[in-house]
Amino acid sequence: MTGPHDSVKGGIRTVVNNYLKWEDWNGVELLYVPVFIEKNNVIKSLFFAINYLKIIRICFTEHLDIVHLHMAERGSFYRKAFILMFCRRMKIKTVIHHHGAEFLEFYDVSSPRKKTFIQKILKSADMNLMLSRFQERQMLLRFPEIKSDVLYNSVEEYHTDIYDIKARNILFLGRLCERKGVYDLLLVLAECDKLLDGDIKVHLCGDGEIDRVQQTVREYGMEHRIASVGWCSKDRIKEIYKETMLYILPSYHEGLPMSLLETMSYGIPCIVSNVAAIPEVIRNEKNGILVHAGNTEEIKSAILKLTTDEELRKKIGENGLSTIKRGFMMKDKTEELKKIYDKILRKG
């Protein structure tokens, strides 16, 4: 299995960590080699080159049945393409696990020559794993000849005693950038500031455009409302969960956000955009509130509704936790992945 280094922040590494920590693989042995690190271009290239050579050595010295490639877009695609082409020459089965929220945009703006190369790589994989039915449909429109299946993201455990109905914090958990809708959220918070209770604080947890976000907070005069901006450790996030009344992610593009599944597993009610896989998980005002990306009036209405209605928060949080228990647990998705591996190997 290949993907980002442990130091890399974000959903893909969270998915990888869940796989690597899982103990009940029952017959599957995972060997993980990271091929991406968040450093300058020289170090990134050197890191990939060293670990690409390591993968080549492993392919010659170990018996590998499958190479599982966690892929996003742009540089991530080309790194995994090099690995896949080598594995194909070695007659090793390959799985591309598509996490990129902007993969189709990356493909659409590529030159005709690059499009042909992208098509060739995806078609040559023994399986293209998608995060949702929506993603699979969209990919098949452009790549109808690829072999595909769907594997939803999942969480390792759930928590039945964590949510405090009296909690007073709003949590944004994700990369701080326009794609995730963080600037829409800041605009909404500024507009409805006087309508929110004074003790409600907002945590903006994530890497990305931290300086720009902080500057926007100052421009809106919202320092009194924003409790923190920037990346938080896992331990700190767990502490923030205990104080969170609602989670919000008004993204424009997504796969299936791990932060959504994790907050639901803590019984925290959510406000999320109805994009990509999210409507396959969330039923509006049942186990979450759906809004249209960029629609600040809908976002504002959802925030005011949840912050003022304890019963609605309680219902949505409980239903969200039930959703996780029923369909998004690691033990179930690991079994699905093993069946996919078996199906690939049976095809010979």
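Just so we're clear, the structure is a prediction, and the values are computed from it rather than from any experiment.
Salt-bridge annotation for Asp126 and Lys343: absent, with no side-chain N of the basic residue lying under 4.0 Å from a carboxylate O of the acidic one. Ionic pairing of Glu243 and Lys201 is not present here: no N-O contact between side-chain nitrogen and carboxylate oxygen is shorter than 4.0 angstrom. Taking the charged nitrogens against the carboxylate oxygens, Glu254 and Lys180 do have a contact shorter than 4.0 Å, which makes a salt bridge. Here Lys21 pairs with Glu156 in a salt bridge; the nearest charged N to carboxylate O distance falls below 4.0 Å. Salt bridge status for Asp197 with Arg168: present, with a side-chain N to carboxylate O gap under 4.0 Å. Glu239 and Arg236 are not joined by a salt bridge, as no carboxylate oxygen comes within less than 4.0 angstrom of a charged side-chain nitrogen. A salt bridge is absent between Glu285 and Lys315; no separation between the charged side-chain nitrogens and carboxylate oxygens falls under 4.0 Å. Residues Lys333 and Glu336 are paired through a salt bridge, judged by an N-O separation under 4.0 Å between the basic side chain and the carboxylate.
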Subject >> Asp65 and Tyr341: CA distance, side-chain angles, deciding distance, side chain to side chain donor-acceptor pair (under 3.5 Å) verdict >> reply: CA-CA 9 Å; Asp65 295 297; Tyr341 287 160; over 6 Å; no
**OP:** For His292 and Glu298, run side chain to side chain donor-acceptor pair (under 3.5 Å): C-alpha distance rounded to whole Å, both residues' side-chain angles, the deciding distance at 0.1 Å, then the answer.
**Re:** CA-CA 7 Å; His292 288 89; Glu298 286 187 7; 3.1 Å; yes
**OP:** Step by step, work out the salt bridge (Lys or Arg N to Asp or Glu O under 4.0 Å) result for Glu318 and Lys314.
**Re:** CA-CA 6 Å; Glu318 290 176 350; Lys314 185 173 184 292; 2.8 Å; yes
Original post:
Given the rule in the salt bridge (Lys or Arg N to Asp or Glu O under 4.0 Å) test, do Lys300 and Glu297 qualify, once you have shown the distances and angles that lead to the verdict?
Top reply: CA-CA 5 Å; Lys300 182 191 301 183; Glu297 287 303 314; 3.7 Å; yes
**OP:** For side chain to side chain donor-acceptor pair (under 3.5 Å), just list the numbers for Lys80 and Ser76, CA-CA rounded to whole Å, side-chain angles, deciding distance to a tenth of an Å, and then say yes or no.
**Re:** CA-CA 6 Å; Lys80 308 310 164 21; Ser76 177; 3.2 Å; yes
**OP:** Begin from the C-alpha positions of Glu62 and Arg57 and carry the test salt bridge (Lys or Arg N to Asp or Glu O under 4.0 Å) through to its verdict.
**Re:** CA-CA 8 Å; Glu62 304 283 345; Arg57 177 182 61 77; 5.9 Å; no
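Sparse packing is recorded around CD of Glu29, with 12 or fewer heavy atoms of other residues, nucleotides or ligands lying under 6.0 Å away. Other residues, nucleotides and ligands contribute over 12 non-hydrogen atoms within 6.0 Å of the NZ atom of Lys325. Crowding of Glu219 atom CD: a count of heavy atoms from other residues, nucleotides or ligands under 6.0 Å exceeding 12. Within a 6.0 Å radius of NZ in Lys338, other residues, nucleotides and ligands contribute more than 12 heavy atoms. Annotation for Lys339: atom NZ does not count as buried by contact number, only 12 or fewer foreign heavy atoms lying within 6.0 Å. Other residues, nucleotides and ligands place no more than 12 heavy atoms under 6.0 Å from the NZ atom of Lys305.
Within the 4.5 Å cutoff, side-chain heavy atoms of Asp207 are placed close to those of Arg175. Put simply, the side chain of His97 does not reach to within 4.5 Å of the side chain of Leu337, judged on heavy atoms. Side-chain contact between Tyr220 and Leu189 is absent, with no heavy atoms from C-beta onward closer than 4.5 Å. Side-chain contact between Leu196 and Ile303 is present, with at least one heavy-atom pair separated by less than 4.5 Å.
When every heavy atom of Thr94 is checked against every heavy atom of Ser124, the shortest pair comes out as OG1-O, 4.2 Å. Tyr32 and Pro4 make their closest contact through OH-O, 2.7 Å (heavy atoms, listed as atom of the first residue, atom of the second, distance). Pro250 and Ile299 get closest at one heavy-atom pair: CB-CD1, 3.8 Å. The two atoms that bring Ile43 and Asn40 nearest to each other are N-OD1, 2.9 Å, heavy atoms only. The two residues Asp309 and Leu312 come nearest to each other via the heavy atoms OD1-N, 3.0 Å. When every heavy atom of Leu249 is checked against every heavy atom of Leu173, the shortest pair comes out as CD1-O, 3.9 Å.
For Tyr266 and Tyr247, the distance between ring centers is not under 6.0 angstrom. Between His159 and Tyr241, the ring centre distance reaches or exceeds 6.0 Å.
In terms of hydrophobic clustering, with Ile, Leu, Val, Met, Phe, Trp and Tyr side chains grouped at heavy-atom distances under 4.5 Å, Met258 and Met1 are assigned to a common cluster. Hydrophobic clustering (side-chain heavy atoms under 4.5 Å, transitive across Ile, Leu, Val, Met, Phe, Trp, Tyr) groups Ile237 together with Ile324. Both Phe60 and Ile58 are part of a single hydrophobic cluster, where members link through side-chain heavy atoms under 4.5 Å apart. Placement of Leu246 and Ile165 within a single hydrophobic cluster is found when ILVMFWY residues are connected by side-chain heavy-atom separations under 4.5 Å, directly or transitively. Hydrophobic clustering of Ile, Leu, Val, Met, Phe, Trp and Tyr side chains at less than 4.5 Å, counting indirect connections, unites Ile226 with Leu187.
We find the CD1-CD1 distance between Ile316 and Ile268 to be 13.5 Å, quoted to the nearest 0.5 Å. Between the CD1 atom in Ile96 and the CE atom in Met71 there is a gap of 4.0 Å [rounded to 0.5 Å]. The SG atom of Cys87 lies 12.5 Å from the NZ atom of Lys93; values are rounded to the nearest 0.5 Å.
Aromatic ring pairs are classed by plane angle as parallel below 30°, tilted from 30° to 60° and perpendicular above 60°; the pair Tyr78 and Phe117 is parallel. Using the six-membered ring where Trp is involved, Phe143 and Tyr107 have ring planes that are perpendicular, over 60° apart on the 30 and 60° scheme. Ring geometry, His70 versus His99: the interplanar angle falls from 30° to 60°, so the pair is classed tilted. Using a 30° and 60° split on the angle between ring planes, Phe82 and Tyr52 fall in the perpendicular class, above 60°.
In this structure, Gln135 contributes its side chain and Met130 its backbone to no donor-acceptor pair below 3.5 Å. No donor-acceptor pair closer than 3.5 Å links the side chain of His203 to the backbone N or O of Cys205.
A donor atom on one side chain and an acceptor atom on the other are not found under 3.5 Å apart for Arg212 and Gln215.
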